[in-house]
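Below, each value reflects all heavy atoms present in this structure, side chains not excepted, and no hydrogens, waters or symmetry copies. When a ligand or atom number is given, it counts from 1 through the structure's own listing order.
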Amino acid sequence: MLIQNGTIITDKSSIKADLRIKDGIITEIAANLIPESNEEIVNAGGMLVMPGGIDVHTHMDLDVGIARATDDFYTGTVAAACGGTTTIVDHLAFGPEGCSIRHQLDHYHTLAEGKAVIDYSFHGVIGHVDDAILKEVEELVGEGITSHKFYLTYGQKLTDREFFLLMRKAKELGIMLTVHPENHDMVGCLKELLIEQGKTSPIYHAVSHPVESEAEAINRLILFAHVADDAPLYIVHLSCEMGLDYIRQARQRGQKNLFAETCPQYLVLDESRYREPGDAGLKYIMSPPLRTTKDNQALWLGLQDGSIQTVATDHCPFFLKGEKQLGKDNFAKTPNGAPGVEPRMALLFSEGVSAGRIDAQRYVEITSTNPAKLFGLYPRKGTLEKGSDGDILIVDPSVELTLTHGMLHENVDYTPYEGISLRGYPYMTISRGKIVAKEGCFLGEKGSGKFIKRNLPILRNIR
Ligand SMILES: [Zn+2]
């Protein structure tokens, strides 16, 4: 394949050039490449040619007990591909109490294989820590699982002692730990009190998950990671300014292996959504909840100054009808999560690049390069250079449209981003040299995505 006439953008540079892919791998980037016979030509005139998006926070097919995320690895990756994403790293559901990490990894291989249409990997999930788990974490490095997730809330949350032992191990091995930070007891008490008082509408979901709950957990994690000799720590779905302040201060104090992810919902939506009429507020029930417009602005600033390094989605869709509606009389009964894997790249481009908040190189860095580095995919993924996979997103920066549920491929009955005006949209997505999506149409093949064994994270010079 030869991609002609585009502007090639990476985290480092922006140049007018053509790009050649052979057998799925980028072989040449230079001006005025001469087409070879039988070469597929893509004309990217007026467009931006960038590394495909990498979404390191999805929950395909997630079983949460009361419901199951409605995108499986086929529909979810079709949606991702149509939105410009070429790799996902999925966060797994907990297995039975006390199970090994491998128990869930084995299960997820069967969920994804033969279905995913783009490349994928998994973060391990850790619901308890003992000698067997610490040994397994070490063994899994050789199998390409170089990151894990634990929670400070929900049924299989870790104690301080458990995650401290895990952090010391992560530091020794050079692997990444990702964490869902919320103070379990604070949220639990608030929920009980609110429901006792009959405060059961969606806005009380936000009230029961205050920013202090998230910020307390973030600060506790930061301090433990510091004592664990600056163990690699990655805060997922950062939603608030108070949590960001702790992260920024710690990085400024020299805690270099501390990283943070935010998501489009925390950049462009706010808690007023919970007050939408009828049961519409249920659409936005996720944890952490949507915050204030002040928090939105603070997170953009965090992306600009390098305090936040990545944007992922926490894609976890449930139908409003029949599923989110389980919470219509009590917010606490709503399955938590919302869709977003498809519009991530477009939302970030429009609200970020077109709106002048970040430049195109920073866009590439936070949506692709940094996720690739932090999760051991770089330079195979996350950049455009000779030898990298031919995973490419071509964006038309001039197209203007209104985002609606009807144009998306996510298997769910709404989008939280309904009606948002966009400037710039994915024109084409290419996975290892094959066109998988063009102008909103899926052109790929079920099962063509491969499991990617990941290397150790690259932690240096990430901003
Ligand atoms: Zn999540």
query: After noting the C-alpha distance and the side-chain angles of Asp413 and Lys321, does the key distance pass the salt bridge (Lys or Arg N to Asp or Glu O under 4.0 Å) rule?
result: CA-CA 8 Å; Asp413 56 357; Lys321 191 173 162 50; over 6 Å; no

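Within the protein, the N, O or S atoms lying under 2.8 Å from the Zn ion (ligand 1) are His57 NE2, His59 NE2, Asp314 OD1.
Identified under the salt bridge (Lys or Arg N to Asp or Glu O under 4.0 Å) test for residues 72-83, with sequence neighbours left out: Asp72-Lys115. Listed by first and then second residue, the side chain to side chain donor-acceptor pair (under 3.5 Å) pairs involving residues 91-113 are Arg102-Glu143 (not counting sequence neighbours).
For Tyr234, the ring pair (Phe, Tyr, Trp, His ring centres under 6.0 Å) partners at least two apart in sequence or on another chain are Phe375.
Counting only N and O atoms by type, the side chains of Asn257 and Arg251 include no donor and acceptor under 3.5 Å apart.
For the pair Lys157 and Tyr151, the NZ or CZ position fails the cation-pi test of under 6.0 Å to the six-membered ring centre and within 45 degrees of the ring normal.
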